[in-house]
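Per chain, numbering begins at 1; letters A, B, ... match sequence-line order.
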Amino acid sequence: MLHIAYIKDNKDQVIKGLEKRFFPDAAQTIDAVLMLDQQRRNTKAALEEVLAESNNAAKTIGLLLKAGNKQEAEVAKARTATLKEQSKELTSLLRQYEDELTQTLYNIPNVPHLTVPSGRTAEDNEVLYQYGQPPALDENALPHWELITKYDIIDFDLGNKITGAGFPVYKGKGARLQRALVNFFLDEAQQAGYTEIQPPIVVNEQSGYSTGQLPDKEGQMYEITEEKLYLIPTAEVPITNLYRDVILKEEQLPVKNAGYTPCFRREAGSWGAHVRGLNRLHQFDKVELVQIQHPDRSYSTLEEMSVYVRQLLEKLELPYRVLKLCAGDLGFTSTMTYDMEVYSGAQKRWLEVSSVSNFEAYQANRLKLRFKDNKKQTRLLHTLNGSALALPRIVAAILENNQTSNGITIPKVLRPYTGFDKIA
RNA sequence: AGAGAGUUGGCGGAGUGGUCGAACGCGCCGGUCUUGAAAACCGGAGACUGUCACAGGUCCGGGGGUUCGAAUCCCUCACUCUCUGCCA
């Protein structure tokens with residue numbers, strides 16, 4: 001949620017930014033926000049005056065009673081009745097403005113960074129960088145959904161049987177490859193200075209609100225209705241929420257956390273031919289990075305995280321490209337996002353495997369995540385996160401790109417983790 | 001799942017319906033002493049809102065109520081802990 005003071009100070013820029021991402025009626029909405037805020041303030045000021053008077057009256061009455069001056073006390077009491085009524089009215093009015101204001105703010109997305117390219121859809125994303133060559137594969141190279149059956153390493157039918165579509169079962173070398181990737185990613189993160197976190201994979205409602213999954217993306221999360229808990233769609237949710245209502249010291253920055261969790265997505269209504277096999281799942285594994293950074297340094301941190309993800313892909317010997325998302329394709333809470341896509345040789349497609357974003361103070365405002373700067377001012381921090389990495393599409397690309405006539409070659413860096421160098 | 005206890009400032013922990021934003025201890029910051037540190041002693045400090053700055057207002061788990069006045073009394077919800085049961 002955008003901070004009201006930020007909107008006030010940067011009104012034109014905010015409107016322009018929202019228009020860039022095709023937020024409808026940006027100018028009117030921002031005007032409405034500012035007006036609501038003004039009304040809210042006025043009401044609050046009025047209410048506080050009444051409260052101050054009541055407080056005073058109460059004190060006086062106390063003193064009068066103590067002094068045994070009953071009559072005067074009664075007179076004073078009578079006067080407070082009006083004040084009480086006024087304060088009740090003003091309170092409910094104030095609440096009305098406040099509710100309307102937060103409701104409006106909840107529905108305003110973050111403002112794209114100035115350098116974010118304009119554009120409406122994924123077509124308009126800017127390709128910043130490309131690495132490696134598409135693998136030279138046989139004409140009859142197999143897509144991963146055939147390879148996994150051929151080598152009996154991932155089984156969708158068994159998943160269907162015990163759970164449902166989109167919940168594959170990993171077997172034998174398939175399972176070990178998963179474990180190898182998770183361990184490789186976690187070890188790398190640790191070497192890069194991230195503290196490993198193992199969070200719960202169900203969260204409460206409040207956590208969903210703070211990172212922005214609620215209220216608008218309810219449909220994407222599996223809900224445990226009995227307890228009103230949600231299966232996490234990403235480790236971003238529990239890990240970022242660790243810092244809810246926290247005031248950090250400047251010298252604690254940046255906070256760097258990494259966590260492996262399974263991730264659950266309902267992905268309601270988004271199934272089709274283009275999401276076959278491992279391309280889209282209801283449950284998948286991911287190592288996620290979360291950083292909390294000083295507002296002055298969040299963009300250099302974004303670059304740092306992007307470089308980090310890139311070198312992971314290079315170590316895995318996967319051809320990839322880096323996209324800078326255009327304003328229209330940007331996530332609701334993000335100001336700038338890099339997507340990393342690997343090339344999947346047999347499908348001949350780019351597959352998104354990581355998304356690295358800066359949220360500036362948008363999440364921090366909901367989280368009440370702040371720090372004290374050197375002037376002892378309490379200020380909102382910036383949050384960032386990135387996948388490093390999501391497993392299924394990495395697995396798809398490894399399987400497809402590394403297939404040979406006598407099996408699938410495991411990338412060198414993973415061999416110490418898998419304990420084998422070929423799936424045959 | 002059953003029974004009970006609890007929720008107060010960074011932590012621990014007092015708290016009488018008015019003078020309580022709240023004793024005390026620990027921790028933290030500054031100072032004195034010291035070559036330096038520790039100890040000791042002295043001093044300081046909650047969050048939010050608001051103002052040019054004051055003032056003012058809000059916050060003792062959330063919401064509601066009683067009262068001129070609520071951390072304190074009542075209702076309600078949430079959460080936590082302990083014991084019993086079950087279980088990796």
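Considering only side-chain N and O atoms, R41(A) lies nowhere under 4.0 angstrom from the phosphate OP1 or OP2 of rU49(B). In this model, the phosphate group of rG57(B) is approached by a side-chain N or O of N55(A) to a distance below 4.0 Å at OP1 or OP2.
Base pairing annotation: rC68(B) forms a Watson-Crick or G-U wobble pair with rG18(B), both donor-acceptor distances under 3.5 Å. The nucleotide rA5(B) finds its pairing partner in rU80(B), both defining distances of the Watson-Crick or G-U wobble pair being shorter than 3.5 Å.
As rounded to the nearest Å, rA22(B) and rU58(B) have C1' atoms that lie 15 Å from one another. Comparing rU16(B) with rC60(B), their C1' atoms sit 16 Å apart, to the nearest whole Å. Nucleotides rU49(B) and rG31(B) place their C1' atoms 33 Å apart, quoted to the nearest Å.
Using a 4.0 Å cut-off between charged nitrogen and carboxylate oxygen, D31(A) and K11(A) count as a salt-bridge pair.
Ranking rU67(B), rU49(B), rC48(B) by closeness to the K84(A) side chain, first place goes to rU67(B). If you check rG65(B), rU49(B), rG57(B) against the side chain of E48(A), the one that comes closest is rG57(B).
Ring geometry for Y194(A) against Y308(A) counts as tilted: the plane angle lies between 30° and 60°, on a 0 to 90° scale. Aromatic ring orientation, F332(A) versus Y362(A): perpendicular (interplanar angle above 60°, classes split at 30° and 60°).
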